[in-house]
Amino acid sequence: METDRPDGRTPNQLRPLVCSCSILHRSHGSASWAQGETKVLAAVYGPKAGTKKSENPEKASIEVIWKPKTGQIGKVEKEYEMILKRTLESICIRTIYPNTTTSVIVQVVHDDGALLPCAINAACAALVDAGIPLKHLAVAICCSVTDSGCIILDPTKDEEEKMKAFINLVFPNTIVSVLPEGSLQAGSEPMAHGIMTSITQGAMSVDDYLHCLERGRAASARLSEFVRKNIELKSTSEASKAG
Amino acid sequence: MEEEKEAVMVTPGEVLGRTSDVKAGRGAYAALHNNTVYASLTGFRHTVPPAPDSSDLRPTVEVTGHKAHGPVPQPGSVVIARVTKVMARSASADIMCVGPKSVREKFTGIIRQQDVRATEIDKVDMHLSFHPGDIVRALVLSLGDARAYFLSTAKNELGVVSAESIAGATMVPVSWTEMQCPLTGQIEQRKVAKAAS
């Protein structure tokens with residue numbers, strides 16, 4: 001079931017991705033992530049001393065501060081902060097530096113749809129840039145369901161408003177290994193098939209949800225490849241500068 | 001102890017080997033649920049052979065050449081700190097260096113009365129051991145509470161390494177409990193760190 005999109009993309013096509021790291025000098029790590037017109041800037045400060053009263057002092061804590069493009073922070077932004085915090089906590093190795101806090105500040109530069117996945121991708125790239133130990137990378141994607149039941153990836157703001165429902169999915173990066181393929185099974189399930197975060201908005205059927213998962217997972221493999229290439233390109237250029 | 005020559009670029013989450021074959025070093029971690037070693041940082045994969053006298057024959061796999069975050073005080077690490085406040089039972093200090101590296105963020109430490117020296121710990125006078133502004137070498141005992149790390153100077157090589165006299169000159173150690181002002185000749189009490197020979 002094909003659908004025409006205003007910008008001429010196919011349902012499975014993502015907007016052009018742009019990622020830049022180490023763009024802020026005062027932060028310990030920073031990254032900007034753009035998907036089409038949606039752009040987010042993330043900065044990481046830490047690890048810093050101490051944890052909040054509500055946090056477990058035996059683990060490092062992650063603090064997320066969301067800065068909207070304009071105006072004050074509202075309920076939606078508070079929810080985004082919480083989702084981002086939980087997602088980042090699940091990828092960070094928090095037992096290495098207990099009783100420390102790492103602050104992640106997310107600044108929205110422009111919102112043209114799929115803002116939360118864009119912010120998650122930016123925050124993850126900034127953590128990598130800061131040298132924070134991670135279990136794995138996280139890649140986020142937005143899938144939306146039209147009234148006709150068609151699933152489209154990475155919707156724009158206009159498309160989001162017309163959709164019946166949409167879902168933000170976060171997957172671990174696809175696994176690259178020095179081991180033979182068969183050894184990457186965790187039980188009967190390949191480890192790359194994990195899902196870390198799933199946030200739905202609107203009403204969708206179980207079948208629609210499963211189709212979104214399928215499409216999202218396929219797109220996450222492409223995103224993983226982009227992130228990995230981007231990081232490796234930056235690291236090799238830094239290594240050649242140092243050399 | 002030679003490292004392998006070819007270095008492979010890795011990103012967090014990439015599989016580096018099995019726990020039965022390799023040990024996780026810097027920039028790597030072992031997942032116990034599936035006995036696999038993964039990268040936790042971005043950098044180059046290196047395998048370091050085991051030491052000849054080691055009982056564990058597994059090589060260590062580590063990720064090097066990555067951008068490191070600022071050092072964090074950990075139990076057992078030796079730190080350089082500046083004393084900020086001296087009280088009857090403890091002294092507060094701002095940690096400036098962890099080992100040879102300076103910290104990016106402010107970490108606070110507390111030297112308790114019982115951790116100043118190894119002998120006669122009940123007779124310690126904090127005001128005769130440290131003054132605000134003194135630079136001390138100390139050992140991190142534990143993470144302490146939410147506000148500060150617990151520090152100790154209860155070794156010969158730990159204690160005040162640099163202090164200013166009332167006259168404003170940097171004092172010279174005279175004994176392990178005294179420092180002297182080179183301008184006025186006045187002697188002040190400190191818990192002095194033994195100079196490294």
Side-chain angles (χ1 to χ4, degrees), chain A residues 21-22 28-29 44-53 55 57-58 60 91-93 95-102 124 127-138 172-179 183-187 191-192 224 227-228 230-236 238-239 242, chain B residues 7-18 20-22 24 26-31 33-45 47 61 63-75 94-95 98 103-109 140 142-150:
Chain A
C21 294
S22 301
H28 301 153
V44 172
Y45 297 86
K48 301 181 287 191
T51 49
K52 291 179 183 173
K53 279 184 182 174
E55 301 284 350
E58 289 179 16
I91 65 168
C92 290
I93 303 174
T95 49
I96 294 181
Y97 299 118
N99 203 12
T100 60
T101 301
T102 299
C124 183
L127 285 171
V128 169
D129 186 51
I132 305 295
L134 306 176
K135 292 175 195 166
H136 46 73
L137 301 174
N173 59 325
T174 51
I175 288 174
V176 172
S177 173
V178 295
L179 301 174
S183 60
L184 283 178
Q185 304 282 326
M191 293 188 309
S224 277
V227 171
R228 189 175 287 115
N230 198 73
I231 290 169
E232 286 182 4
L233 198 71
K234 180 185 169 290
S235 297
T236 45
E238 274 183 2
Chain B
V8 182
M9 172 69 77
V10 293
T11 54
E14 292 189 22
V15 178
L16 302 178
R18 285 252 172 261
S20 55
D21 306 325
V22 291
R26 290 176 304 165
Y29 73 98
H33 65 90
N34 60 357
N35 301 323
T36 307
V37 176
Y38 296 94
S40 65
L41 295 168
T42 300
F44 297 97
R45 176 181 177 269
T47 307
V61 67
V63 179
T64 57
H66 53 78
K67 179 180 175 181
H69 56 70
V72 176
Q74 286 179 290
D94 286 344
I95 295 169
V98 178
V103 295
R104 287 181 182 173
E105 295 288 339
K106 185 184 162 189
F107 292 97
T108 307
V140 179
S142 70
L143 297 170
D145 54 19
R147 293 181 302 281
Y149 291 83
F150 286 148

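As a basis for the values below, the full set of heavy atoms in this structure was taken, side chains included, without hydrogen atoms, waters or symmetry mates. The chains referred to below are lettered A, B, ... by the order of the sequence lines, with proteins before strands, and numbering in each begins at 1.
Residues A/Pro47 and B/Val72 have side chains in contact (heavy-atom distance under 4.5 Å, counting atoms from C-beta outward).
Taking each heavy atom of B/Tyr29 and A/Leu134 in turn, the nearest pair found is CE2-O, 4.0 Å. The minimum heavy-atom distance linking B/Thr42 with A/Val128 is given by the pair OG1-CG1, 3.2 Å.
Looking at residues two or more places apart in sequence or on another chain, you find a side-chain contact (heavy atoms from CB on, under 4.5 Å) between B/Ala39 and B/Val10, B/Leu16, B/Val63. Residues passing the side-chain contact (heavy atoms from CB on, under 4.5 Å) test with B/Val22, sequence neighbours excluded: B/Val37, B/Pro59, B/Val61.
Residue A/Leu137 touches chain B through both its backbone and its side chain, counting heavy-atom pairs closer than 4.5 Å.
To the nearest 0.5 Å, atoms OH (B/Tyr38) and NZ (A/Lys135) are separated by 11.5 Å.
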